[in-house]
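The next block holds one structure in the form of C-alpha cells; read it before the comments.
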Amino acid sequence: MDIIFNDQKVVSISTEKMFGDKELRSNAKVLFENSGILKIGHGFKRIAKILLERGIHIKGIEFDTELAAYLLNSDLQDFDLNKIYFIEFGDNVSFDVKSRLSAISALKKSLWEKLKLNGLLKLLEDVELPLSPILAEMEFVGINVNQKNIEILSKKTEEQIKNLEKDIYKFAGEEFNISSPQQLAHILFTVLGLKGKVRKTGKGALSTAAAELEKLSEEHPIIDLILKYRELQKLKTTYIEPFPSLIDSKTGRLHTTYNQTGTTTGRLSSQNPNLQNIPARTELGQEFRRSFVADKGFQLISFDYSQLELRIVAHISNDEKMMEAFKRGEDIHTRTAAEIFEVSADKVTKSMRRDAKTLNFGVLYGMGQMGFQRASGVTRERAKEFIRKYMEEFSGVAAYMEQTKQSAYQKGYVSTIFGRRRKLEGIKSNIPELIRQAERMAINMPVQGTAADLIKMAMVKVHNFVHENLSHEEARMLLQVHDELLFEVRADLAQKLSKDIRDIMENVFKISVPLTVDVKCGDNWSDMRSLSVN
DNA sequence: TGGACGTGCCAC
DNA sequence: AAACGTGGCACGTCCA
Ligand SMILES: Nc1nc2c(ncn2[C@H]2C[C@H](O)[C@@H](COP(=O)(O)OP(=O)(O)OP(=O)(O)O)O2)c(=O)[nH]1
Ligand SMILES: [Mn+2]
Ligand SMILES: [Mn+2]
C-alpha cells in the first residue's frame, strides 16, 4: 500500500512485511489510528479494509486521488492510478515505489486545485472521504447467511427446473437449449409456428424477452412453462449457486465489495456478490431473501427513505403541487397505482405499487407513451392521457425537465444540489437518438445523484452516532441499497436505535418537503414488521 | 480457451 | 423493444 504521511514522509509498505512482525504491527496501529497523522493515497477503501482485517481502524485520511478523480469526472471507466495520472499529465507512472508515490503527490496538488475550482471539496471532505472507511467496515463485517435455507431452496428449484425442462421438450417435440434465445426463438416461431407478433431485438432477431413471451401465452401452453423456467433458472444461476461459495466458512457471513467510483450519478454499486439486487418481488425471490438473517440475539433493521427521488424532484423543481402532496403526507406511488389499476387506494397491493413506481419514475425521466403502455398494460390513449395529466399537474417538474436539458446543453454538465457533477458530452451530438438519450440522463442525474448524496451523508452521520454511543457488539451497519440502510442490532436495543437512526436519516439535510423513513425490523431480510414513528 | 458482444433479468 | 434512469451478472454465441 502506497501512502503519504503528513505530506512529507513518503511510505510504501508491503502488507506481509508490516504484519509479519509483532512490533511493526503495533507501530502500524499507532501510526494509522492517529488522526493527527494525515494520510494521502489512492483508493483508501481497499487499504482501510486490509487494515481492519489486522485490527486497525484507519483515521486521518486527508486526500484520496481516486475519489478526487471520480468527483471531477464520474463517467471514467477506470480509476487506476496510472490512468488518472495519464489523463492529468499525459505521462505514465513507472512501477517502482518512488514513482507511484510521487505520482500520488503530484496528482493531489493538481486535483485539489480543480476540486476547489469546481466547488467539489466539501463533497470530497465531508462525504466521500469519511465514507470510504465506513464502506470498508461494512464490507468487512458482512452479513449472516442461512446456508441451510439456500440448500433447501436449491433442491426445490432444481427439481422444478428438471420437470419444466421435460414438459418444455415434450411440447417442442425435441430437446434444445432453453437458455439460448436463438434456439428458443427457432422452436417457438419455426418449429411450433407461433404467429403472435413479436418485436425484434436491437440486432434484428426475434425477441424472446419476458414481456414479449407474455403476449403469446394464450397461443401456446409452452410459454408459461418457459417463463417459469426463466424465473427459476435466474434464481438458481445468479443467486442460489454462486452465493454459498462466497460465504466465509469460518464466520458464515457474506461480504460484498462496494464500488465508490462505479456510477455516473454518485450512487454506489455492489459486486462479488451484488447485494443491491437481492430478489424482493416474487414469492421465490422473497424465499431467497429470507436467507439473509440476523445473528443470534440480534435483529435486522431496515431504514428506507419513502418515495425518495419524488421528494427530491419536488424540492429541486419547487413544484407546488408535489410539495403540497408531500407536506400532506401523501403517497404518490399509491395514488398512481390506484389510478392505473382503477382501485381505491386501500386496495393497492405491493405489486401494484411497485409497478406504479416504474410509471412515476419512468414518466419523470422521459418515458414515452409506448414505454408507458408496456409498463402499465393500459391502452395507448390512457398512456398518453396519464403522461399529459402528470405534466399538467406537476408543471413545475415539467419545467425542471425542460430547464435541465437547456442547462445541460449550455454547460455540458449537470449537477446535484450539493454540486456533484456529471459531464454530458453526448448532448452535443448530431445524432438525434443520442441527444434524446443524453437529455434523459441529464434529467435523471441531479435527482438520483442528490439521493445518493443524501444517503451518503446519512451514512456518515449514522455511523458516527453508532460508534460514539455503542460497541460493535451492539449495533452495526451492514448494507446500503441506494436509499436503504440495513443494520444488525442487539435485539434489546432495536426499539431505541430505530428511533435514533430514523431521526438522523430524516433530518440529514432539510429540503422543502419532509424526508420520511420507513423502518422495518425482523430476524431476516424478508419477514419484517413495520416500526411506527414513536 | 478466453474475451467481446448480445440478450435477458434481478434490484433501486 | 422502446423516448424512464442507475447498476451487476449469467448465459450463449462468435471469433481469434
Ligand atoms: N428511474 C428509476 N428509478 C427508480 C426505479 N425504481 C427505483 N428507483 C429509484 C427512485 C427511488 O426513489 C429510489 C429508491 O427506490 P425504492 O424502491 O425505495 O422506491 P421509493 O423510495 O421511491 O418508494 P418507497 O416509498 O421506498 O417504496 O430508487 C425505477 O424503476 N426507475
Ligand atoms: Mn425508498
Ligand atoms: Mn429502497
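The model shown is predicted, which means the values in this text are computed figures rather than measured ones. Each chain gets a letter, A, B and so on, in the order the sequences are listed, and its residues count up from 1.
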Legend entry - Criterion salt bridge (Lys or Arg N to Asp or Glu O under 4.0 Å) against A:Glu139, the qualifying member of A:Lys49, A:Arg253, A:Arg476: A:Lys49
Inset, instruction - Indicate, with yes or no, if the rings of A:His220 and A:Phe171 have centres closer together than 6.0 Å. - result: yes
Legend entry - N/O donor-acceptor pair, side chain A:Lys234 with base B:dC10, under 3.5 angstrom: no
Inset, instruction - Just call it for A:Met370: base, sugar-phosphate, or nothing, with non-hydrogen atoms closer than 4.0 Å on any strand. - result: base
Inset, instruction - Answer yes or no: side-chain N or O of A:Arg281 and base N or O of B:dC10 forming a donor-acceptor pair under 3.5 Å. - result: no
Legend entry - Aromatic centroids of A:Phe361 and A:His333 separated by under 6.0 Å: yes
Legend entry - d(CZ, A:Arg354; P, B:dC12) in whole Å: 7 Å
Inset, instruction - Step by step, work out the side chain to side chain contact (heavy atoms under 4.5 Å, CB included) result for A:Glu433 and A:Arg436. - result: CA-CA 5 Å; A:Glu433 199 180 314; A:Arg436 305 305 171 122; 5.9 Å; no
Inset, instruction - Give A:Arg436 one of three labels, base, sugar-phosphate or nothing, depending on what nucleic acid heavy atoms sit under 4.0 Å from its own. - result: nothing
Legend entry - Toward the 5' end of DNA chain C, by each residue's nearest nucleotide, A:Glu309 or A:Ala211: A:Ala211
Inset, instruction - Please determine, for the side chain of A:Val481, which listed nucleotide (B:dC12, C:dG5, C:dC9) has the closest atom? - result: B:dC12
Inset, instruction - Determine the contact category for A:Gln448: base if any of its heavy atoms lies under 4.0 Å from a base atom, sugar-phosphate if only primed atoms, P, OP1 or OP2 are that close, otherwise nothing. - result: base
Inset, instruction - Please report, rounded to the nearest Å, how far the P atom of C:dG7 is from the CZ atom of A:Phe361. - result: 17 Å
Legend entry - N/O (side chain, A:Asn272) to phosphate O (OP1/OP2, C:dC9) under 4.0 Å: yes
Inset, instruction - Remember a base hit wins even if backbone is also touched, and classify A:Lys357 as base, sugar-phosphate or nothing at under 4.0 Å, heavy atoms. - result: nothing
Inset, instruction - Would you mind classifying the nucleic acid contact of A:Gly368 as base, sugar-phosphate or nothing, using non-hydrogen atoms under 4.0 angstrom? - result: sugar-phosphate
Inset, instruction - Could you pick out which residue, A:Gln183 or A:Arg422, lies toward the 5' side of DNA chain C when each is mapped onto its nearest nucleotide? - result: A:Arg422
Inset, instruction - Name the nucleic acid region contacted by A:Thr208, choosing base, sugar-phosphate or nothing; use a 4.0 angstrom heavy-atom cut-off, strictly under. - result: sugar-phosphate
